[in-house]
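Just below is one structure, and these are the notes that go with it.
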Amino acid sequence: MVGIVPQVLGRLVAPYKPDAQKLSPYECGFEAFEDARMKFDVRYYLVAILFILFDLETAFFFPWAVAERELGWTGFLIMLGFVLEFGVGFWYIWKKGALDWE
């Protein structure tokens, strides 16, 4: 009963008039209401995967920064190795041209 009341009020009170901004392409660059089987450029997926990798990499920095004093030099050296490994991976994808957008 509690979940039904907001839905009914929302349909009665809020008008449904999609404007041009709501129907415009959003982030992916294609019209939202076209054929679902249209082809995508592979680079779009590559950028999405690289974003997830960099996002996860930054997520490892927060717990390390909080516990840095307790970890001491061992934790610092382990994180230094992680950053170096990630930097080598970043350099590799940069040299391969994965970050170039034509």
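We use all heavy atoms of the structure for the numbers below, so side chains are in, but hydrogens, waters and symmetry mates are not.
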F60-W64 aromatic ring centre distance below 6.0 Å: no

Spacing of F90 atom CZ and K95 atom NZ [to the nearest 0.5 Å]: 11.0 Å

same_hphob_cluster(F76, L71) at 4.5 Å side-chain heavy-atom cutoff: yes

same_hphob_cluster(V83, L77) at 4.5 Å side-chain heavy-atom cutoff: yes

Hydrophobic cluster membership, L84 vs F86, 4.5 Å side-chain cutoff: no

Joint cluster assignment, M79 & W73, ILVMFWY side-chain distance < 4.5 Å: yes

Cluster check F82, L53: I/L/V/M/F/W/Y, side chain < 4.5 angstrom: no

